Amino acid sequence: MKRPVVITGMGAVTPLGEDVASSWQALVAGKDADVPLELFDTAGCRCHRAAVASLPPLAEMRPKALSRLSRASRLAIPAAREALAAARLLDSAGGSLLPVLPLSVSTTAGGMAFGESVLRNALARKHSHLLGPAARYLPHQQILDLQQALRFEGPSVILGNACASGANALGHAAGMVSSGMADCVLTGGFEALTELVFIGFDCLQATTVERCRPFDLKRSGLLLGEGAAFLVLETPEHARQRGATPLCRLSGYGHGTDFFHLTQPQPDGQALVEVMRRAADDAGLAPREIGYINAHGTATPVNDSAEVRGYRTFLGESLDQTRISSTKAAIGHTLGAAGSIEALFAIQALITGNLPPQLNLQTPIPEIAAALVTEKDASRPLRHAMSVNLGFGGSNAALVFSRHEN
Amino acid sequence: MQPWFFPDMKTDLAVIGQGAVTPAGIGITALLHGHPVETMISPVSRPDRQWPVFKVNLNDPAFARWQKEPRLRRASPLSYFLVEAAEQALVGLDAGELDQTGLVIAFSTGCLTYSCRFFGDIVTQGQKAASPALFPETVYNSPVSHVAATHRLEGSAYALAGDETAWIAALKTAWLWLEQERVKQVLVLGGEEFDSVSLDAYRSARWLARSKLKSGFIPSEGAAGLLVRRAGPGDSKIISRMEDGFIYRSKPEALAAGQRCLQQFDSRLPCHKSAQHHWLGNIERKLTQDRPPGSAVGEQAYLGEATTASAAWNTLRALASLDREHPRLLVPVWGGTHQIGALEIESPPPILKAPIRP
């Protein structure tokens with residue numbers, strides 16, 4: 001069985017805005033969220049900047065309950081609520097209209113800041129300060145926060161496939177719907193900036209101390225970010241019965257593992273090519289039919305060069321006609337949320353015909369220069385858009401979104 | 001709870017391979033008949049006190065072959081547990097079938113040892129002590145990548161996080177990939193490694209056995225896995241039903257969640273109990289008291305609590321206990337911090353072939 005899958009609602013909290021509309025408006029206007037990082041001490045690090053999100057208020061929660069939430073949950077709950085509201089699945093009291101709603105969600109660090117507290121307090125022998133953070137740091141606690149805040153239950157899958165896991169979560173959710181495993185799934189990803197992860201990327205010298213410049217010859221590393229994005233996926237029939245309007249279809253998904261190295265992609269991009277081909281085949285498309293690709297584009301030297309080679313192979317002569325941009329220059333690399341937020345941006349491009357420009361370009365990599373979105377060609381009608389992600393451990397994923405024809 | 005599977009959908013998974021790494025030894029025999037030895041370990045916050053822990057013997061000769069793998073040179077114990085359990089489960093597969101094999105691994109805490117070492121160095125010595133060699137090994141996905149690369153599993157590969165019930169999510173993922181014909185078989189693993197900071201967390205929750213003389217929760221580590229494919233005629237061990245998603249945060253909610261979950265299954269189904277030493281043990285006793293007990297292969301030793309690894313061990317033990325008297329079993333999966341789930345497993349009667357007449 002393979003049933004079509006439509007998207008009927010989206011929600012986001014990004015460093016550019018507290019919802020989809022404000023994030024998108026800032027993104028296509030060419031703004032970025034690169035700011036000095038003050039969430040924790042970065043003394044001793046090379047890099048001191050990140051793309052930091054503002055936490056939307058959760059007015060309905062009591063202060064005590066709010067104080068127990070991790071930063072990750074503070075990002076995830078409003079994004080998921082916006083998605084349910086947009087899909088007309090939210091009741092007047094702010095809860096889900098579906099009491100059972102399967103979840104397919106991604107993160108890489110969950111509530112890691114609480115985990116850091118556990119170790120810090122244990123090392124300081126503060127015995128009485130362990131239970132709260134220990135009980136709330138693992139990723140399924142943020143899922144439980146989400147389920148309780150929005151009042152639903154049901155099976156949940158939490159994907160931890162590093163930086164590709166957001167795309168995996170959406171692809172997995174689409175598989176659940178298309179196979180008949182579920183009629184409707186809430187899917188997405190969330191990530192909060194944490195000290196352990198920030199210092200980890202810093203010590204790998206993967207973060208930049210300059211501007212984040214994806215696909216530029218002078219790129220010097222990534223900008224870390226945080227945020228959350230959620231989408232409601234369902235069958236067209238389920239949407240029609242509820243009176244919901246599909247925004248687009250999730251038409252293709254490909255994923256695979258690159259065995260080359262734990263932290264580096266295969267230099268010729270061939271593993272990524274296979275994944276993009278699987279996604280295009282799944283959607284029944286030739287590569288030239290894909291009008292826009294939201295690229296992974298971390299701005300690290302090894303990632304971007306492998307990715308460019310991958311696009312050249314995958315798109316062939318149609319590369320120059322395709323439009324490509326990495327939105328990480330604007331919102332940073334949001335790790336476990338990246339695949340979901342960037343998929344949401346690809347969908348916005350598909351729906352609106354506006355393309356997010358490639359920020360901070362000075363000297364684009366010649367092989368991809370003609371395809372990168374500039375301010376001059378930041379608008380074009382699209383029929384299909386793709387979102388691509390690569391992760392530690394060689395986890396690669398690609399998603400294809402297509403216009404929904406009634 | 002509304003059914004979210006279509007009622008006419010077959011979700012049978014045939015078990016065609018199994019592997020286990022336990023504190024009682026390496027392999028299925030050790031899982032079924034071994035006895036772990038306690039090690040006394042102090043929590044980070046109380047060096048003056050010790051609690052019993054079950055640890056895997058990393059000097060076991062089974063691990064020696066993996067130390068030569070370049071990929072595993074810097075890997076954490078968890079990756080070794082998983083690579084070894086995978087090797088056992090894949091033993092019946094031809095090399096040509098590996099490119100059609102998917103991989104799903106369920107974790108709770110993941111690479112805890114290296115995460116604690118990495119962040120502990122930062123806390124005690126400052127940011128400049130951060131190790132670029134350790135950090136990539138702290139990521140959930142690293143052991144998945146190591147297992148896939150070491151065994152050349154070229155199908156889909158996922159790292160799933162959660163409490164014990166992530167094991168069910170992993171089995172469901174395998175079913176989905178098989179249904180989509182992305183792969184021909186899927187290796188499903190659960191694995192955890194112990195770090196002494198776990199004792200701080202468990203102690204703060206008052207879960208630990210107060211002394212080794214009293215029965216109670218003993219932290220543990222290890223891995224186990226199943227190689228599964230879509231069930232067909234002649235398969236002897238089948239996972240025929242998987243339910244999860246019954247969430248809770250408090251003890252009363254856990255009881256209600258367990259009730260909702262177990263109500264999904266035939267009330268005459270014998271139950272393979274597994275939470276005797278867990279904080280949910282009383283709830284298991286209460287909810288399963290009217291069910292017939294599942295059979296046991298002799299007296300099986302308590303292997304301690306290792307979340308997803310425990311869920312996998314219990315499933316393998318239950319599969320081993322299927323017999324003529326108990327051809328179907330209910331296997332509850334008591335998620336300790338999020339949700340309750342359960343599996344139904346069965347051993348269909350062998351297909352009788354007509355005798356060949358001369």
Side-chain angles (χ1 to χ4, degrees), chain A residues 42-45 99-100 102 107-108 110 115-116 118-123 125-127 130-131 134-135 138-141 143-144 147-148 153-162 168 172 175-176 179-182 195-196 199-200 202-205 255-257 259 262-263 391-395, chain B residues 1-2 4-6 9 43-46 71 107-110 115-116 118-120 122-124 126-128 130-132 135-136 138-142 144-145 148-149 152 154 156-163 166 169 172-173 176 179-180 197 200-201 204-205 244-247 249 337-339:
Chain A
T42 59
C45 292
V100 177
T107 183
T108 67
E116 292 165 2
V118 172
L119 191 57
R120 205 185 289 277
N121 290 333
L123 287 165
R125 302 191 187 176
K126 293 180 180 171
H127 312 133
L130 295 172
L131 180 58
L138 288 171
H140 55 272
Q141 293 306 308
I143 301 304
L144 190 49
Q147 290 170 319
Q148 291 195 317
E153 70 172 349
S156 50
V157 175
I158 308 170
L159 279 136
N161 271 26
N168 292 132
H172 188 75
M176 290 164 73
S179 70
M181 206 172 182
E195 190 175 354
L196 186 154
I199 295 171
D202 190 80
C203 78
L204 286 173
Q205 304 198 4
H255 61 109
T257 309
F259 294 153
L262 189 60
T263 58
F392 269 15
S395 181
Chain B
M1 181 146 182
Q2 297 167 352
W4 67 291
F5 272 107
F6 282 175
M9 183 172 277
V44 175
S45 63
R46 291 297 299 263
R71 258 296 189 127
F107 303 101
S108 195
T109 52
S115 298
C116 290
F118 179 78
F119 195 67
I122 294 167
V123 171
T124 55
Q127 273 87 334
K128 288 199 183 298
S131 163
F135 178 65
T138 66
V139 177
Y140 267 125
N141 195 40
S142 291
V144 178
S145 177
R152 307 306 295 180
E154 294 183 18
S156 304
Y158 277 1
L160 302 188
D163 66 3
K172 282 182 168 177
T173 299
L176 180 60
E179 173 71 13
Q180 293 176 310
V197 78
D200 297 273
S204 68
D244 62 345
F246 302 88
I247 65 168
R249 183 149 259 158
T337 46
H338 182 199
Q339 54 176 309

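What you see is a predicted model; the values in this text were computed from it and never measured.
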Student: With a 4.5 angstrom heavy-atom cut-off, could you sort out which part of Val139(B) is near chain A: side chain, backbone, both or neither?
Tutor: side chain

Student: Please classify the contact between Arg152(B) and chain A as side chain, backbone, both or neither, with a heavy-atom cut-off of under 4.5 Å.
Tutor: both

Student: I'd like to verify something: which residue of Ala201(B), Pro43(B), Ala161(B) has the highest number of heavy-atom pairs under 4.5 Å with chain A?
Tutor: Ala161(B)

Student: Using the rule given for side chain to side chain contact (heavy atoms under 4.5 Å, CB included), can you reason through Tyr140(B) versus Asn161(A), listing the C-alpha separation, both sets of side-chain angles and the distance that settles it, and then say yes or no?
Tutor: CA-CA 7 Å; Tyr140(B) 267 125; Asn161(A) 271 26; over 6 Å; no

Student: Roughly how far, to the nearest 0.5 Å, is CG of Leu160(B) from CD1 of Ile158(A)?
Tutor: 8.5 Å

Student: Only pairs of heavy atoms separated by less than 4.5 Å count here; which of Gly44(A), Gly200(A), Gly256(A) has the most with chain B?
Tutor: Gly200(A)

Student: Quick one: of Arg120(A), Glu195(A), His172(A), who has the most non-hydrogen atom pairs under 4.5 Å with chain B?
Tutor: His172(A)

Student: With a 4.5 angstrom heavy-atom cut-off, is it the side chain or the backbone of Leu138(A) that approaches chain B, or both, or neither?
Tutor: side chain

Student: To check you understand the geometry: which heavy-atom pair defines the closest contact between Gln339(B) and Ser156(A), and what is its length?
Tutor: NE2-OG, 3.3 Å

Student: Write down the atom of Leu196(A), the atom of Ser115(B), and the distance for their closest heavy-atom approach.
Tutor: CD1-O, 4.1 Å

Student: Measure across Leu130(A) and Ser45(B) and return the closest heavy-atom pair with its distance rounded to 0.1 Å.
Tutor: CD1-OG, 4.0 Å

Student: With a 4.5 angstrom heavy-atom cut-off, could you sort out which part of Ile247(B) is near chain A: side chain, backbone, both or neither?
Tutor: both

Student: With chain B, which of Thr42(A), Asn168(A), Thr107(A), Asn121(A) has the greatest number of heavy-atom pairs at distances under 4.5 Å?
Tutor: Asn168(A)

Student: Please rank Ala169(B), Ser142(B), Gly110(B), Ala166(B) by heavy-atom pairs under 4.5 Å with chain A and give me the top one.
Tutor: Ser142(B)

Student: Pick from Ala205(B), Ser204(B), Gly162(B), Ser145(B): which one has the most heavy-atom pairs with chain A under 4.5 Å?
Tutor: Ser204(B)

Student: Which bit of Gln141(A) is near chain B, if near means a heavy-atom gap under 4.5 Å: side chain, backbone, both or neither?
Tutor: both

Student: Under a 4.5 Å heavy-atom cutoff, which of Ala122(A), Ala162(A), Ala134(A) has the most pairs with chain B?
Tutor: Ala122(A)

Student: Taking Leu119(A) as the fixed residue, which of Val197(B), Val123(B), Ile122(B) is the one that meets the side chain to side chain contact (heavy atoms under 4.5 Å, CB included) rule?
Tutor: Val197(B)

Student: Considering non-hydrogen atoms only, spot the tightest contact between Phe118(B) and Cys203(A) and give its length.
Tutor: CE1-SG, 4.0 Å

Student: Return the set of residues passing side chain to side chain contact (heavy atoms under 4.5 Å, CB included) with Ser131(B) (not counting sequence neighbours), or none when no residue passes.
Tutor: Ala133(B), Leu134(B)

Student: Among the options Val118(A), Val157(A), Leu123(A), pick out the one with the most heavy-atom pairs lying under 4.5 Å from chain B.
Tutor: Leu123(A)

Student: Taking C-beta and beyond as the side chain, do Gln147(A) and Arg249(B) meet within less than 4.5 Å on heavy atoms?
Tutor: no

Student: With sequence neighbours left out, what residues match His255(A) under ring-ring contact (aromatic ring centres under 6.0 Å, His included)?
Tutor: Tyr253(A), Tyr158(B), Trp177(B)

Student: At a 4.5 Å cut-off on heavy atoms, which part of Thr108(A) comes close to chain B: side chain, backbone, both, or neither?
Tutor: backbone

Student: Taking side chain as everything from C-beta outward and backbone as N, CA, C, O, which of these in Ala43(A) sits under 4.5 Å from a heavy atom of chain B? Side chain, backbone, both or neither.
Tutor: backbone

Student: On a heavy-atom basis, which atom in Gly175(A) and which in Leu176(B) lie closest, and how many Å separate them?
Tutor: O-CD1, 3.4 Å

Student: Considering non-hydrogen atoms only, spot the tightest contact between Asn141(B) and Gly393(A) and give its length.
Tutor: ND2-CA, 3.7 Å

Student: May I ask you to name which of Ile143(A), Leu131(A), Thr257(A) has the most heavy-atom pairs under 4.5 Å with chain B?
Tutor: Leu131(A)

Student: For the atom pair CE (Met181(A)) and CD (Glu179(B)), what is the distance rounded to the nearest 0.5 Å?
Tutor: 9.0 Å

Student: If you count heavy-atom pairs within less than 4.5 Å of chain A, which of Gln180(B), Lys128(B), Arg46(B) leads?
Tutor: Arg46(B)

